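Within every chain, numbering begins at 1; the chains are lettered A, B, ... in the order of the sequence lines, protein sequences first and strands thereafter. Scope of the values below: all heavy atoms of this structure, side chains included, with no hydrogens, waters or symmetry mates. Not measured: the values here are computed from a predicted model.
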2 protein chains.
Amino acid sequence: MTAGSKRTKKQAILDTALQLFVSQGFHGTSTATIAREAGVATGTLFHHFPSKEQLLEQLFLSVKQEFADAIQSAVNKRGDLKKDAEQLWFAALSWAIDNPLKQAFFQLYSMSPTVEQSVRDQAMHSILGFIGALIRQGQAQGLLADFPQDLMQDNCHGQYLAATRYFADHPERWQQEHERSASFALFWNAMAVR
Amino acid sequence: MTAGSKRTKKQAILDTALQLFVSQGFHGTSTATIAREAGVATGTLFHHFPSKEQLLEQLFLSVKQEFADAIQSAVNKRGDLKKDAEQLWFAALSWAIDNPLKQAFFQLYSMSPTVEQSVRDQAMHSILGFIGALIRQGQAQGLLADFPQDLMQDNCHGQYLAATRYFADHPERWQQEHERSASFALFWNAMAVR
DNA sequence: GTCTATAGAACGATAGAC
DNA sequence: GTCTATCGTTCTATAGAC
């Protein structure tokens, strides 16, 4: 076993819960099933996670954090906003392509009342505050249209979810340069000044 | 009681199921609770719907059909594509504003595995075929960018979901002309030729 | 930390009276 | 069509041995 690849029982529970919550939904998945599929006893599951709700919560926050780390480390701001936006767009899309289960988890739980509003807000702000700053910068430079801040941010999120669903449904198209560049063009043109 | 306002028990079950499936999720809502809140017995629920799954299915298709009827009747194609798109955009947004519960239901179940893929496809094609035709028309006229058809369609859907979420979260902004026109500008500019 | 065994409640669906 | 009553199952969570 290589260094860092040790899968603890706790991690096995999180991995299995991710898969089952995506395919069957939260209430549609029993803790007994998660434990069985993960190869642990129900008592072990409740040793690591005090309740089923807290298992979902920890899973949600860890996946969001993983996403935020992945895209922020991929971008080195150099002043050219369009280039930065392009790097960010492709880093975010690449992460989604490489982590289809986690992307599906976002689609299902990012706006579901099953996850507490406060938990979703916490995850959103720690990630999208960073996006909001980029948009304000673009407006100050006269590159981006002067639309309401929140509307532009929500629109970014919506276009991202649509693009990831598109490339997840048609993986071969992700290999084509004109498909990738078209997805960025839709994203950028929506906000760019004419 | 005015004409047409007669709420049958079957309709009461559908209305209550819509509300509870949105607030608690499908598996998080028991048939016993739906029946109690609707003011009927559990036996009555299973008289009208052979199973809980089929209740969800009938609800899903009826809400989608209602949406399709609402936006198609609001648009009278006159050859000016941008005007047609604008009418369609605001008809779709208005419907979402006026039916927040049904809009939330879409957000949660339009891409959830809880609803059978075949049922979701059936709903999608009977509605979005119509949108696809409009996009092809715009490309033929040189008004819309020549990006892949499916990508543009998915992008439309994503921007629509983002906009409805935005105005649902901030209802007062829907009253402001500059907010409404900004939402359409983001939508149109994404696809328009430069 | 991990297991087995089980408590106690809630579940989907059915039967049969009216 | 609608009701009450209930069957057999499955659920989350805990207790206690190792």
Side-chain angles (χ1 to χ4, degrees), chain A residues 1 3-62 105 108-109 112-116 119, chain B residues 1 3-62 105 108-109 112-116 119:
Chain A
M1 184 176 286
S5 76
K6 174 158 167 278
R7 253 185 41 137
T8 64
K9 301 232 169 194
K10 180 170 181 178
Q11 192 57 50
I13 293 166
L14 283 170
D15 293 344
T16 305
L18 171 67
Q19 183 207 312
L20 293 176
F21 286 165
V22 166
S23 57
Q24 312 182 29
F26 175 72
H27 293 289
T29 304
S30 72
T31 51
T33 303
I34 297 170
R36 180 167 26 83
E37 293 285 304
V40 305
T42 68
T44 305
L45 187 151
F46 284 98
H47 170 74
H48 291 290
F49 306 95
S51 73
K52 191 185 175 187
E53 272 75 20
Q54 292 205 35
L55 166 56
L56 175 65
E57 193 173 305
Q58 283 194 41
L59 179 61
F60 186 83
L61 288 173
S62 74
F105 182 73
L108 287 174
Y109 294 96
S112 161
T114 310
V115 178
E116 283 283 324
V119 176
Chain B
M1 183 178 287
S5 76
K6 175 158 167 277
R7 256 185 38 136
T8 64
K9 301 231 168 193
K10 180 171 182 178
Q11 192 55 50
I13 292 166
L14 283 170
D15 292 345
T16 306
L18 171 67
Q19 183 207 313
L20 293 176
F21 286 164
V22 166
S23 58
Q24 312 181 28
F26 175 74
H27 295 288
T29 303
S30 72
T31 51
T33 304
I34 297 171
R36 183 168 22 82
E37 293 285 304
V40 306
T42 67
T44 305
L45 188 152
F46 283 97
H47 169 75
H48 290 290
F49 305 96
S51 73
K52 193 186 177 188
E53 274 74 18
Q54 293 206 36
L55 166 56
L56 174 65
E57 191 172 307
Q58 284 195 41
L59 179 61
F60 185 82
L61 289 173
S62 75
F105 182 74
L108 287 174
Y109 294 96
S112 161
T114 310
V115 178
E116 283 282 326
V119 177

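One atom, CZ of A:Phe46, and another, P of D:dC11, lie 12 Å apart when rounded to the nearest Å. Residue A:Leu55 contributes atom CG, which lies 15 Å from atom C1' of D:dC11 at whole-angstrom precision. Between A:Phe49 atom CZ and D:dT12 atom C1' there is a gap of 16 Å when expressed in whole angstrom units. Atom CG of A:Leu56 is separated from atom P of D:dT12 by 13 Å (rounded to the nearest Å). Remark: C1' of C:dA9 and NZ of A:Lys52 are 15 Å apart, rounded to the nearest angstrom. Computed from coordinates, the B:Arg36 CZ to C:dA10 C1' distance equals 12 Å when rounded to whole Å. In this structure, B:Ile13 places its CD1 atom 14 Å from P of C:dA13, rounding to the nearest Å.
The ring-ring contact (aromatic ring centres under 6.0 Å, His included) contacts involving residues 19-38 of chain B comprise B:Phe21-B:Phe26, where partners must be two or more places apart or lie in separate chains. Legend: salt bridge (charged side-chain N to carboxylate O under 4.0 Å, His left out) pairs involving residues 8-35 of chain A, not counting sequence neighbours, sorted by first then second residue: A:Arg7-A:Asp15. Among residues at least two apart or in separate chains, there is no salt bridge (charged side-chain N to carboxylate O under 4.0 Å, His left out) pair with a member in residues 30-41 of chain A. Under the salt bridge (charged side-chain N to carboxylate O under 4.0 Å, His left out) criterion, no residue pair touches residues 38-56 of chain A, with sequence neighbours excluded.
Residues meeting the side-chain contact (heavy atoms from CB on, under 4.5 Å) test with B:Ser30, sequence neighbours left out: B:Ala32, B:Thr33. In this structure A:Thr114 satisfies the side-chain hydrogen bond (donor to acceptor under 3.5 Å, both in side chains) test together with A:Ser112, sequence neighbours excluded.
Within residues 21-32 of chain A, no residue has any heavy atom under 4.0 Å from DNA chain C.
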Could you tabulate the donor-acceptor pairs under 3.5 Å formed by side-chain atoms of residues 54-61 of chain B, not counting sequence neighbours?
none

Protein N or O to nucleotides 1-3 of chain C N or O, pairs below 3.5 Å:
from: C:dT2; atom 1: OP2; to: A:His48; atom 2: NE2; distance (Å): 2.8
from: C:dC3; atom 1: OP1; to: A:Lys9; atom 2: NZ; distance (Å): 3.4
from: C:dC3; atom 1: OP2; to: A:Ala41; atom 2: N; distance (Å): 2.8
from: C:dC3; atom 1: OP2; to: A:Thr44; atom 2: OG1; distance (Å): 2.7

